[in-house]
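What follows is a single structure, written as structure tokens, with notes after it.
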Amino acid sequence: MSETYATFRFVPVAPGLVVEPPVRREVLSFERPLAEGSVSGTLTVTWTARTPICVGAAADEGRAVEPLQIGGRYALPGTTQRGMIRAVLEAATFSHLGRINDARHHGVRDFVGHGDHHAIARDDVRAGWLRYDATRDTWLFLRGRHTESRFVRVPFESVLQEVALGGSGAPGRKIDSAHWQVSMDVEDKLRALPPHLRLRKIQALYGPAGSRPSAKSGIPRAYLRKDPTVPVSFQSATHPGKDLVLVVTGPYQQDAREGSSRREDRKAGVLKTHEALFPLPVDADQAIVIPNAWMSVFHRQHGDVSRTGANPRGAWRFWLRAFGWEDALSGFEADADDQPLDRLLDDPAKLPGIPVFWHWHGDLKNRNPAIDFSAPPGRQAFWFGLSRVIRVPYAYSVGEVAQRLYGEPGKPYRVPRLDEPLGWDFARALFGEVDRANTRVAEQEHADGSKHEQALRGRVAFDVAWAPEKTRPEGVIRRGVFAQPRESFWPFYLARSEDAEPDGTPVDYSHPDAVPAGRKRTVARRTAVPDTQWPQGNGNEDTVTGVRFLPAGTVFQSRVRVHNLHPVEFGALLWALTFGDGEGGHWHQAGRAKGFGYGALSPCVTIPKGLRVINMAQPPSDPTTLRPWLSLFERYMTECLQGDYGKREEIRTLRACANPATGQNAAAQLTVSSLEAYRQHREEAKKGRLSRGARRNRLPDLL
């Protein structure tokens, strides 16, 4: 199999290791110099853009991203510099991972199944309904009332025939089958349907003479209108009543499946060709209460995750809005693109609920075996989704996987408070911290029930970095797709823990030995990839971003203010600014298109003669030079780590990512592969066929 690439790499994280700074939190003060030595002053930092750079945003949706201007002058915000340097400092000082997207629970649509948690064939799913009970703040599930809660398939052509004819006062509308198949979401389809087909009981259904369920799937097929090809009334032993409603789902292309007998299926996958007819739900006394933890994961899987919850998207967003349940789960945000839903559906109180496809390994009707509602999200045996291809959550969340690095497998991820073990590190000491900022509301109580939170002011501040007043951006707007494999792409983002033996199984988010591959870094290079070689996507303009850059050679002047730093801390800050290289030979990156080599910034740090050094037993003979401070920090880290700091793999990888010569030599491997290549790579990883790097992520090594 050919290699699969990405424009980023990972700096390994040493399990259970957090290096504490040389100063105790209790003695930090803004009034009293540290007794072990105190450094204060203002550094001058000159950032030179070695490749074109754009730190900014689009003024309006659809517009190109423009470089930031403050008062008509181009600049790099202090927050950008702060975040850029803190990320390096965290890796360089073995600080705690800190804030991560720990609540994210990735999911998988897997037809074949590669483990106990995902073995769900699409023909094994059933029909059901989801409701929200606002009086009890609970979500209820009701299965479809017919035998085994089976649904009925209805071909697109039959649905589009009804759309073309209209009805109930709605004008007809001719829609191409391919457009319905690949371009229309649930809301679009419901708007196109005549009102009598929008979650209402269908009075008559038809089928071919001698119609039987598909021998392959066992799912019966019906048609909405009688014609010479479907001359008889629909009949099915599993669906005796006329209480079916039409359920439409958005476009979805099934992944190609190895072993398919059809060549075109193996090559390109299969587009769905049917909508569904759902039986109405069973009576309310047979409802199942869905645990809030399960619903929270489902909600986050179908939305843009934030610390407060998730802003739902797609079909899930539509159904929540249609039933007025926007506030049932946290994180909903209004969007200017949301169209009014007045009169699109009947009174929600009279509707059966949100249609969901579900799967259960037992007999749901008789509750045999009983559903284990205490199972953690991702490890339950009852699943539901918004389409026939259910997105099943992996067994473990991002946080649960990350927490294994800190010796607490199976527990939710939690950033330690400042006064807890592993909670005191260089990054927090220099840049400050508020305990509350790292925890969700439900986790803010201490064991004794108190909610007192520690807060620490930062002792490092970054001014705005200004470009010369006459700086002008490039005249052209470069356009391309910057998409990269995301965190859900476990072959890159996960590795096997060091104390686990390879067992031939895929190290995905359901594997008990999976840990994060490390801290993600883009790789600096001398020459940025020309925009003529940028990916252009599949022709979907929504995925293309336009960017206007400031030219290479643009110089930004900034100041960094430090107050009462321990000499080792001062050395750590200088190391993070320069990667331990006082000559500017290692580069940072900021802004857009970093993965393609843009936004490279070389630092030149000047220490002023007025630097205030107090209580230091042996101050450098020339405190304005970098090397004595860098060496002081490196010696401290070598002592803490009990080994040569510069030879640690974590540090060598971090510096390699910042070395433009290394990046240029690896340029052929710092690129984006096709979606098909990534899919094949994941399939090979599932089968344990990728031998390189048994304990590591599967990206070419920079070292």
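Below, each value reflects all heavy atoms present in this structure, side chains not excepted, and no hydrogens, waters or symmetry copies. Because the structure is a prediction, the values reported are computed rather than measured.
The shortest side-chain heavy-atom distance between His146 and Asp243 falls under the 4.5 Å cut-off. A 4.5 Å side-chain heavy-atom check between Pro516 and Val401 finds at least one atom pair inside the cut-off. When side chains are defined from C-beta on, Tyr406 counts as touching Leu97, because their heavy atoms get closer than 4.5 Å. Between Phe151 and Leu244, the closest side-chain pair of non-hydrogen atoms is not below 4.5 Å. With a 4.5 Å cut-off on side-chain heavy atoms, Leu224 and Leu197 count as touching. Side-chain contact check for Arg126 versus His359: every heavy-atom pair is 4.5 Å or farther apart. Between Trp129 and Val245, the closest side-chain pair of non-hydrogen atoms falls below 4.5 Å. Within the 4.5 Å cutoff, the side chain of Leu140 has heavy atoms near those of the Val289 side chain.
For the pair Arg136 and Asp133, the tightest heavy-atom approach, listed with the atom from each and the gap, is NE-OD2, 2.9 Å. Shown here for Pro355 and Leu386, the closest heavy-atom pair between the two residues is O-CD2, 4.2 Å. Taking every heavy atom of both residues into account, Ala315 and Val186 meet most closely at CB-CG2, 3.7 Å. Residues Pro348 and Ala322 share a closest heavy-atom pair of CG-O, 3.5 Å. The two residues Arg104 and Gln301 make their nearest non-hydrogen contact at NH1-CA, 4.4 Å. Heavy-atom minimum distance, Pro377 versus Val297: CB-CG2, 3.2 Å.
With hydrogens and angles ignored, the 3.5 Å screen pairs no side-chain donor or acceptor of Asp508 with any backbone N or O of Trp490. The closest donor-acceptor contact from the side chain of His299 to the backbone of Ser330 lies under 3.5 Å. Arg313 places a side-chain N or O within 3.5 Å of a backbone atom of Gly303 that can act as its donor or acceptor partner. Arg300 places no side-chain N or O within 3.5 Å of a backbone atom of Ala310 that could act as its donor or acceptor partner. Between the side chain of Glu275 and the backbone N or O of Thr249 there is at least one donor-acceptor pair closer than 3.5 Å. Formation of a donor-acceptor pair under 3.5 Å by the Arg198 side chain with backbone atoms of Leu193 is found in this model. With hydrogens and angles ignored, the 3.5 Å screen pairs a side-chain donor or acceptor of Arg379 with a backbone N or O of Ala395. Using modelled atom types, no side-chain atom of Glu400 and backbone atom of Val398 make a donor-acceptor pair closer than 3.5 Å. Remark: side-chain polar atoms of Asp283 are not paired, donor with acceptor, to backbone N or O of Asp285 under 3.5 angstrom. Listed for the Trp325 side chain is no donor-acceptor partner under 3.5 Å among the backbone atoms of Arg131.
Of the residues listed (Trp383, Phe141, Phe384), the one engaging Trp358 in a ring-ring contact (aromatic ring centres under 6.0 Å, His included) is Phe141, and it is the only one.
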Review point. Between Ser306 and Asn311, does a side-chain contact (heavy atoms from CB on, under 4.5 Å) hold up when you go through it step by step?
Key: CA-CA 8 Å; Ser306 65; Asn311 189 23; over 6 Å; no

**Study point:** Met295 vs Leu130, side-chain contact (heavy atoms from CB on, under 4.5 Å): CA-CA, chis, key distance, verdict
**Key:** CA-CA 11 Å; Met295 280 305 304; Leu130 199 61; 4.2 Å; yes

Practice item. I would like to know whether Tyr413 and Tyr396 meet ring pair (Phe, Tyr, Trp, His ring centres under 6.0 Å); could you show each step before the answer? Key: CA-CA 11 Å; Tyr413 183 80; Tyr396 303 103; over 10 Å; no

Exercise for review: For Phe489 and Tyr678, run ring pair (Phe, Tyr, Trp, His ring centres under 6.0 Å): C-alpha distance rounded to whole Å, both residues' side-chain angles, the deciding distance at 0.1 Å, then the answer.
Suggested key: CA-CA 9 Å; Phe489 193 73; Tyr678 289 131; 5.5 Å; yes

Point to revise | side-chain contact (heavy atoms from CB on, under 4.5 Å) assessment of Val159 paired with Trp180 | key: CA-CA 10 Å; Val159 177; Trp180 181 276; 3.8 Å; yes

Exercise for review: Could you check Phe318 against Leu344 for side-chain contact (heavy atoms from CB on, under 4.5 Å), going step by step and ending with a plain yes or no?
Suggested key: CA-CA 11 Å; Phe318 165 75; Leu344 180 58; 3.6 Å; yes

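With a 6.0 Å radius and a threshold of 12 heavy atoms from other residues, nucleotides or ligands, Asp327 has its CG atom at or below the threshold.
Checked by atom type, the side-chain pair Gln161/Glu157 shows no donor-acceptor distance below 3.5 Å. Under 3.5 Å, the side chains of Gln286 and Arg145 contain no donor-acceptor pair of N or O atoms.
The distance from the CG atom of Leu199 to the CG atom of Leu280 is 9.5 Å, given to the nearest 0.5 Å. Taking NZ from Lys174 and NE2 from His179, the interatomic distance works out to 13.0 Å, rounded to the nearest 0.5 Å. In this structure, the separation between CZ on Arg682 and CZ on Phe492 is 10.5 Å, given to the nearest 0.5 Å. Atom CG of Leu205 and atom CZ of Arg225 lie 12.0 Å apart (nearest 0.5 Å). Separation of atoms CG (Leu277) and CZ (Arg221) is listed at 12.0 Å; rounding is to 0.5 Å. Here CD1 of Ile202 is found 5.5 Å from CG of Leu246. Values are rounded to the nearest 0.5 Å.
The aromatic rings of Tyr132 and Trp139 are tilted relative to each other, their planes meeting at an angle between 30° and 60°. Ring orientation note: the planes of Trp360 and Phe382 are nearly perpendicular, at an angle over 60° on the 30°/60° scale.
For Ser674, the side chain to side chain donor-acceptor pair (under 3.5 Å) test picks out no residue, with sequence neighbours left out. Shown here are the ring pair (Phe, Tyr, Trp, His ring centres under 6.0 Å) partners of Phe332, two or more places apart in sequence or in another chain: there are none. Remark: His106 pairs with Tyr509 by the ring pair (Phe, Tyr, Trp, His ring centres under 6.0 Å) rule, at least two apart or across chains.
Asp338 and Arg317 are joined by a salt bridge, as a carboxylate oxygen and a charged side-chain nitrogen come within less than 4.0 angstrom of each other.
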